[in-house]
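Because only heavy atoms are used, hydrogens play no part in the values below, and waters and symmetry mates are left out as well, while side chains stay in.
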Amino acid sequence: MAIEGPLKELSIHDVFQLLDLSRKTGLLTVTSKLRHNAGTVYFDGGAVVYAAIQDNPHPLGELLLRTGKITDADLNRARDMQEGGDTRLLGEVLVEIGAIGRGELERQVRFQVEEVIFEVMNWSEGYFTFEEGPLQGVPADATVRITTESVLMEGARRIDEWSRIERKIPNVEVVPTLAPAQQGEPGGLDLLPAEWEILATIDGECDIRTIASLIGRSEFDVAKTLFGLESAGLITVTEAGPTTRVAPEAADTDGMLERAHAVLEAGDYTTATELAEAARERFPHDPVVYLLLGRLDLQRRRPADAEEHLRRALRLDPLLGPAHLQLGHSLALQGRLSEAIEWWQRWLTIGEQADGDPGEIQQVREALQAARTLSSFLRGVHG
């Protein structure tokens with residue numbers, strides 16, 4: 001039997017306590033029309049094992065990449081193992097290959113889950129539904145087990161601290177700016193690593209929510225650190241205007257990529273590579289950036305590197321047509337004709353549906369036929 005109702009009548013804190021005391025197993029869904037958002041929390045015997053939120057999903061692999069816990073090569077290797085038949089969760093595979101320690105993995109997963117819960121706990125309006133039943137197909141790359149009591153205690157602590165912080169940091173949409181340098185004797189700054197990390201991201205455009213996303217830390221922790229920096233006179237904060245806030249994946253990515261393509265067409269591979277790498281550093285989750293890097297690798301006859309970049313692009317956007325085509329080229333250059341045929345065929349389907357260039361489509365058809373002929377011949381030779 002489902003448990004449901006409006007949050008105005010039963011707060012989310014009370015819902016969590018009820019599920020904890022009754023040791024419930026199942027899925028809690030909380031929706032907010034005011035925020036156009038929804039959160040899901042999975043319970044097992046009253047403990048939280050996974051949580052996700054609609055408007056800010058953070059796949060574990062991308063979170064670990066963004067925070068520097070693993071490398072692109074680590075993630076690609078783990079995903080390739082899964083594609084090859086390894087049925088373990090991504091986190092388990094990353095631990096197995098030595099990309100990350102189990103303790104650090106659990107800490108990052110716990111961070112993900114808790115941030116969703118603390119966000120939902122701030123909702124005073126909305127509707128909740130709890131469906132009791134065995135947990136099946138939890139959409140997680142790794143799971144944890146967090147007692148509901150600890151979550152509620154941490155939530156209460158954050159509420160108390162926010163009441164102090166909000167005097168200077170009223171919300172997560174304020175934009176921090178470095179304070180002007182003071183006249184007089186220059187002095188050193190005795191700051192903690194976390195404070196330096198946040199100072200390095202301050203550009204006068206990114207708000208607290210954006211900074212938290214960029215460095216993979218909670219909005220609460222960023223706000224608390226900025227509160228201390230503001231109290232020390234190192235920064236100032238202003239309310240974000242209608243055109244002030246800049247999302248990490250927006251900004252001028254189009255301009256950077258256009259410049260990179262222009263110099264690439266002119267044959268300046270060095271400058272094009274520098275621009276592409278700068279774009280990747282600023283927009284690490286833009287699939288078009290990895291498409292460009294793959295194209296540069298192909299131009300330089302580095303098909304293995306191109307394959308790695310192009311597979312990353314397709315993981316971010318499985319329908320990115322040009323990446324299918326370029327991946328086919330990179331595989332063909334490595335002599336993997338059967339795989340190249342598969343990706344070229346996929347591109348043909350996408351290209352024809354999107355009214356692609358007829359000349360290019362014809363070239364790919366001819367390459368497909370030639371690859372099939374050669375592949376058949378080689379099978380006969382080795383057979």
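The two atoms that bring Arg157 and Phe220 nearest to each other are NH2-CE2, 3.8 Å, heavy atoms only. When every heavy atom of Arg311 is checked against every heavy atom of Leu331, the shortest pair comes out as NH2-CD2, 4.1 Å. The shortest heavy-atom contact between Leu10 and Phe128 is CD2-CZ, 3.7 Å. Residue Pro303 comes nearest to Leu333 through the heavy atom pair CB-CB, 3.8 Å, listed as atom of the first residue, atom of the second, then distance. Counting all heavy atoms, side chain and backbone alike, Val120 lies closest to Gly39 at CG2-CA, 4.3 Å. Residues Val144 and Arg110 approach most closely at CG1-N, 4.0 Å, considering heavy atoms.
Although no hydrogens or angles enter the test, the distance criterion places no donor-acceptor pair under 3.5 Å between the side chain of Thr40 and the main chain of Thr29. Within the 3.5 Å criterion, the main-chain N or O of Gly46 finds a donor-acceptor partner in the side chain of Thr148. Looking only at distances, no side-chain donor or acceptor of Asp44 sits under 3.5 Å from a matching main-chain atom of Ala47. With Asp221 contributing its side chain and Lys224 its backbone, the two residues share no donor-acceptor pair below 3.5 Å. Between the side chain of Asp20 and the backbone N or O of Gln17 there is no donor-acceptor pair closer than 3.5 Å. Gln334 places a side-chain N or O within 3.5 Å of a backbone atom of Ser330 that can act as its donor or acceptor partner. Proximity of a side-chain donor or acceptor of Gln82 to a complementary backbone N or O of Arg88 within less than 3.5 Å is detected.
Note: the hydrophobic cluster containing Ile146 also contains Leu152 (ILVMFWY, side chain heavy atoms under 4.5 Å, direct or indirect links). A continuous path of ILVMFWY side-chain contacts below 4.5 Å connects Ile169 to Leu178, so both sit in one hydrophobic cluster. A continuous path of hydrophobic side-chain contacts links Leu199 to Val172 [ILVMFWY only; heavy atoms under 4.5 Å]. By the criterion of side-chain heavy atoms lying less than 4.5 angstrom apart, applied directly or through intervening Ile, Leu, Val, Met, Phe, Trp or Tyr residues, Leu89 is not grouped with Leu75; the two fall into different hydrophobic clusters. Cluster membership for Ile12 and Phe130, using ILVMFWY side-chain heavy atoms within less than 4.5 angstrom, is shared.
Ring-plane geometry between His324 and Trp343 is classed as tilted, the angle between the planes lying from 30 to 60 degrees on a 0 to 90 degree scale. Relative ring orientation between Tyr50 and Tyr42 is described as tilted, the plane-to-plane angle lying within the 30° to 60° band.
For the atom pair Leu94 CG and Leu64 CG, the distance stands at 6.5 Å (nearest 0.5 Å). Taken to the nearest 0.5 Å, the OG1 atom of Thr201 stands 13.0 Å off from the CH2 atom of Trp196. Between atom CD1 of residue Ile3 and atom CD of residue Glu132 there is a gap of 6.5 Å, rounded to the nearest 0.5 Å. In this structure, CZ in Phe227 is found 10.5 Å from CD in Glu166, a value given to the nearest 0.5 Å. Note that CD1 of Ile97 is 8.0 Å distant from CD1 of Ile70, once rounded to the nearest 0.5 Å. Of the inter-residue distances, the one linking Leu192 atom CG with Glu197 atom CD reads 12.0 Å to the nearest 0.5 angstrom.
Here the side chains of Asp80 and Glu83 are in contact, with some heavy-atom distance below 4.5 Å. You'll find the side chain of Glu342 stays beyond 4.5 Å of the side chain of Gln345, heavy atoms only. With a 4.5 Å cut-off on side-chain heavy atoms, Leu60 and Leu105 count as touching. Under the 4.5 Å side-chain criterion, counting only non-hydrogen atoms from C-beta, Glu307 is in contact with Arg336. Here the side chains of Ile235 and Glu230 are in contact, with some heavy-atom distance below 4.5 Å. At a threshold of 4.5 Å between non-hydrogen side-chain atoms, the residues His329 and Trp344 count as touching. Side-chain contact between Asp305 and Leu293 is absent, with no heavy atoms from C-beta onward closer than 4.5 Å. Counting heavy atoms from C-beta on, the side chains of Phe118 and Val151 come closer than 4.5 Å.
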**Message:** Would Asn171 and Asp207 count as a side-chain contact (heavy atoms from CB on, under 4.5 Å) here? Give the steps.
**Reply:** CA-CA 10 Å; Asn171 56 63; Asp207 62 13; over 6 Å; no
**Message:** Determine whether Val30 and Tyr127 satisfy the following criterion, side-chain contact (heavy atoms from CB on, under 4.5 Å), listing intermediate values before the conclusion.
**Reply:** CA-CA 6 Å; Val30 187; Tyr127 198 87; over 6 Å; no
**Request:** Apply side-chain contact (heavy atoms from CB on, under 4.5 Å) to the pair Arg312 and Leu65, showing each step before the final yes or no.
**Result:** CA-CA 12 Å; Arg312 177 74 186 277; Leu65 270 179; 3.4 Å; yes
**Message:** Pair Arg23, Phe43 - check side-chain contact (heavy atoms from CB on, under 4.5 Å), show working.
**Reply:** CA-CA 9 Å; Arg23 300 292 187 264; Phe43 287 83; over 6 Å; no
**Request:** Decide yes or no on salt bridge (Lys or Arg N to Asp or Glu O under 4.0 Å) for Lys24 and Glu131, but give the supporting numbers first.
**Result:** CA-CA 10 Å; Lys24 292 292 188 181; Glu131 292 287 345; over 6 Å; no
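Inspection of the Glu104 and Gln108 side chains reveals an N or O donor paired with an N or O acceptor under 3.5 Å.
Ion pairing between Glu115 and Arg158 holds under the 4.0 Å rule for side-chain N and carboxylate O.
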